[in-house]
Amino acid sequence: MREATGATFMLRCAELGLSREDLDDMTVGMVYDMLIEQANDQEKYPYKATQADINRFFPKG
């Protein structure tokens, strides 16, 4: 794993299209969450949840 530096953090922010003004309202954790979500966008999942799956996970009552 590459050492996390201010320069690499700012590079990742630029890759996400975040401005300095955007960063004023964000934490480092928020930026890392966005990077993880961006990486997950490239994944192909073999199963897509249906409404029935969601209802089983969050039962009413």
Tell me the closest heavy-atom pair linking Thr50 and Asp53, and the distance in Å.
N-OD2, 2.9 Å

For residues 6-26, which side-chain donor-acceptor pairs fall under 3.5 Å, sequence neighbours excluded?
residue : atom : partner : partner atom : Å
Thr8    : OG1  : Thr5    : N            : 3.1
Thr8    : OG1  : Thr5    : O            : 3.0
Thr8    : OG1  : Thr5    : OG1          : 3.3
Arg12   : NH1  : Glu15   : OE1          : 3.2
Arg12   : NH1  : Glu15   : OE2          : 3.1
Ser19   : OG   : Glu21   : N            : 3.3
Ser19   : OG   : Glu21   : OE1          : 3.3
Ser19   : OG   : Asp22   : N            : 3.1
Ser19   : OG   : Asp22   : OD2          : 3.2
Asp22   : OD2  : Ser19   : N            : 2.8

Only pairs under 3.5 Å count here: list side-chain donor-acceptor contacts from residues 31-40, not counting sequence neighbours, and write none if there are none.
none

When you look at OH of Tyr45, are more than 12 heavy atoms from neighbouring residues, nucleotides or ligands closer to it than 6.0 Å?
yes

